[in-house]
Amino acid sequence: MEQLARLGRIGIGTLERLGRGHVLLLHMLAGFAALSVRPKLLIAQIHSVGVLSMLIITVSGLFVGMVLALQGYYILSQFGAEETLGVMVAASLVRELGPVVTGLLFAGRAGSALTAEIGLMKATEQLSGLEMMAVDPIKRILTPRFMAGLISMPLLAALFSAIGVIGGHFVGVGLLGVDDGAYWSQMQAKIDLHEDIYNGVIKSLVFGFVCTWIALFQGHDCTPTSEGVSRATTRTVVHSALAVLCLDFVLTALMFGED
Amino acid sequence: MSSHPDDSNEPLVKIRGLRFFRGERAIFDGVDIDIPRGSITAIMGPSGTGKTTLLKLIGGQLRPHAGTIHVNGQDVHKLSTKELYKLRMRMGMLFQSGALLTDISVFDNIAYPLREHTKLPESIIRKLVLMKLEAVGLRGARDLMPSELSGGMARRAAMARAVVLDPEMIMYDEPFTGQDPISMGVLIQLIPRLNKASRLTSIVVSHDVQETTNIADMIYVLSNGKVIAGGPSKQIANSTSFWVRQFMDGLPDGPVPFHFPAEPLETDILEN
């Protein structure tokens with residue numbers, strides 16, 4: 001009986017959290033209009049969420065592209081199809097690895113920072129202080145960060161893919177001797193704007209939305225103590241990573257499942 | 001009463017039958033408090049009696065389970081969000097931690113409410129901010145970041161921010177806690193001075209008996225969710241009630257027990 005009650009409590013707790021998360025989301029979305037009046041707030045956040053994540057995205061993209069070329073070359077050369085290395089690298093990056101790895105890195109780099117920042121603002125009564133100054137902390141603090149996440153994520157994913165293609169070129173063409181012209185022309189011919197690129201952009205938009213939402217909610221909903229903030233930060237990374245991987249499966253099934 | 005919101009005989013804050021629970025525990029169980037205009041009213045009581053909660057209830061950040069709180073004739077918990085925010089612009093609140101925004105300088109912190117709520121040109125904002133900083137003695141610290149301030153300075157900066165919109169009332173949450181004697185002396189001087197100079201109504205929540213009785217006109221003592229004494233500060237300071245005496249004289253045991261409720265020591269120890 002005790003076990004059953006515990007299960008019930010966990011269920012109710014989860015539902016309550018989900019409810020609070022959605023209320024927060026609506027509240028943040030309601031602040032979008034006000035943001036157009038204060039573009040400076042948004043620009044500052046795009047800098048801290050997006051621009052400051054560029055280094056890790058660039059370096060990771062480069063290495064992922066290089067590894068893809070190495071592995072791809074090994075398999076493709078067994079069938080004498082090394083010329084298609086460019087397509088393989090670009091398609092893997094644009095369709096899957098770009099959005100997914102960027103999403104994971106984004107959660108680790110920007111998401112955890114957002115949670116810690118909002119959580120500490122709550123713990124030090126800064127959010128409460130804003131409320132008492134008649135300033136809505138959700139619209140003033142959370143909405144610009146949410147918007148910045150939405151804008152930054154697809155751009156970061158695009159950067160990741162672009163750098164990855166260059167990394168692949170460096171290894172494939174530079175080191176393994178694949179023909180330079182074949183690398184680019186095959187890629188141009190086979191990568192489809194709608195099928196590959198748009199779908200990749202949609203994925204990265206969805207991941208950006210979910211990761212930023214999770215990060216901001218965890219920060220806003222945390223217990224305002226140092227332990228609470230640390231737990232919330234961990235939860236952000238874990239939940240975001242799981243959400244990105246699960247959603248990637250769902251989106252891939254929807255986008256490419258019928259082919 | 002609400003038809004004459006600015007009637008000067010009417011108390012600025014009127015709390016009636018306030019009940020508030022955290023889980024099963026009653027924080028307030030039928031509390032009535034009047035805060036007269038222009039006065040400094042102290043709300044005192046041991047830690048955990050919900051003094052900060054009371055300020056949050058007055059500011060509309062928390063909702064009571066029963067009872068009403070009127071500020072200037074308006075029922076705080078019946079206002080729309082817009083009206084509540086409008087009312088809050090006329091209330092200042094000084095948090096225990098100061099609650100300054102840590103990513104902007106002292107100057108920008110004080111200017112923050114002005115930039116948010118007014119369309120004043122920067123030149124006027126600068127003058128207003130410098131005047132408020134001068135009043136708390138921190139004009140020279142305007143370019144420092146909040147992390148570079150000592151606890152006392154942060155509280156004074158927060159005071160400047162709380163009065164920058166020229167509110168009608170200001171709520172101080174434990175202003176004396178954790179202050180060195182000099183900062184304490186500064187605060188004891190500043191609170192009445194600001195109250196008089198800006199014709200404010202001040203609510204000071206505190207458990208520092210000596211300091212608070214010195215500056216307060218009225219005192220309410222809270223314990224166990226009820227007001228156990230209320231009236232002019234001299235009357236409370238000379239009260240003969242056991243409850244009040246225990247609190248005012250800092251006696252370890254009395255009507256407020258030293259021990260948190262528990263079963264008898266013998267059973268607890270001998271068990272198992």
Side-chain angles (χ1 to χ4, degrees), chain A residues 9 12-13 16 20 23-24 26-28 30-31 33-35 37-49 52 113-114 116-145 148 219-220 223-226 228-229, chain B residues 52-53 55-62 71 76 79 81-104 109-119 146-147 151 154-155 157-165 167 169-174 203:
Chain A
R9 268 199 297 278
I12 291 171
E16 275 180 359
R20 284 201 299 275
V23 169
L24 180 75
L26 288 179
H27 202 146
M28 287 195 294
L35 203 56
V37 194
R38 312 279 289 272
K40 265 191 192 165
L41 288 178
L42 179 62
I43 292 167
Q45 288 312 316
I46 290 182
H47 178 259
S48 76
V49 170
L52 296 181
L114 283 177
E117 186 188 16
I118 303 293
L120 277 172
M121 285 183 92
K122 186 178 178 185
T124 52
E125 295 182 311
Q126 292 181 54
L127 297 183
S128 218
L130 284 174
E131 268 184 16
M132 284 309 295
M133 280 191 274
V135 176
D136 183 343
I138 295 181
K139 286 187 182 158
R140 182 63 172 67
I141 303 286
L142 270 66
T143 300
R145 285 162 175 76
H220 190 257
T223 318
T225 58
S226 41
V229 175
Chain B
T52 306
T53 310
L55 294 188
K56 290 197 165 173
L57 283 161
I58 296 175
Q61 288 187 299
L62 293 173
V71 175
V76 176
L79 297 176
T81 314
K82 215 172 169 187
E83 290 169 326
L84 180 63
Y85 273 34
K86 222 168 159 187
L87 179 68
R88 279 184 189 160
M89 283 164 69
R90 292 154 63 193
M91 304 175 167
M93 175 140 171
L94 182 75
F95 286 85
Q96 207 170 343
S97 57
L100 294 171
L101 296 169
T102 45
D103 55 343
I104 51 178
N109 259 293
I110 318 296
Y112 194 92
L114 290 171
R115 290 182 179 145
E116 285 291 323
H117 296 306
T118 68
K119 291 201 171 99
S147 57
R155 228 166 270 188
M159 253 168 116
R161 185 179 67 175
V163 294
V164 77
L165 285 175
M169 64 182 265
I170 175 162
M171 299 188 273
Y172 298 92
D173 186 5
E174 302 280 8
I203 305 177

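Quick note on labels: first sequence line is chain A, next is B, and so on, each numbered from 1. Below, each value reflects all heavy atoms present in this structure, side chains not excepted, and no hydrogens, waters or symmetry copies.
Residues meeting the salt bridge (Lys or Arg N to Asp or Glu O under 4.0 Å) test with A:Glu131, sequence neighbours left out: none. By the salt bridge (Lys or Arg N to Asp or Glu O under 4.0 Å) test, B:Arg88 is found to be paired with no residue, residues two or more places apart in sequence or in another chain being considered.
A:Arg140 CZ to B:Leu101 CG: the interatomic distance, rounded to the nearest 0.5 Å, is 8.0 Å. Of the inter-residue distances, the one linking B:Tyr85 atom OH with A:Met133 atom CE reads 11.0 Å to the nearest 0.5 angstrom. Distance check, rounded to the nearest 0.5 Å: CG of B:Asp103 to CE of A:Met121 gives 6.0 Å. For the atom pair CD of A:Glu125 and CG of B:Asp173, the computed distance is 6.5 Å after rounding to the nearest 0.5 Å. Distance CE/A:Met132 to CD1/B:Ile58: 9.0 Å, rounded to 0.5 Å.
Of all the listed residues (B:Lys56, B:Met93, B:Gln96, B:His117), the one sharing the greatest number of non-hydrogen pairs under 4.5 Å with chain A is B:His117. Ranked by heavy-atom pairs under 4.5 Å with chain A, the list B:Met171, B:Met89, B:Glu116, B:Arg161 is led by B:Glu116.
Contact of B:Thr81 with chain A is not made at all, since no heavy-atom distance falls under 4.5 Å. Using a 4.5 Å cut-off between heavy atoms, A:Leu127 makes no contact with chain B at all. Of the atoms belonging to B:Met91, heavy atoms from both backbone and side chain fall under 4.5 Å from chain A. Looking at B:Leu84, neither its backbone nor its side chain comes within 4.5 Å of chain A, counting heavy atoms on both sides.
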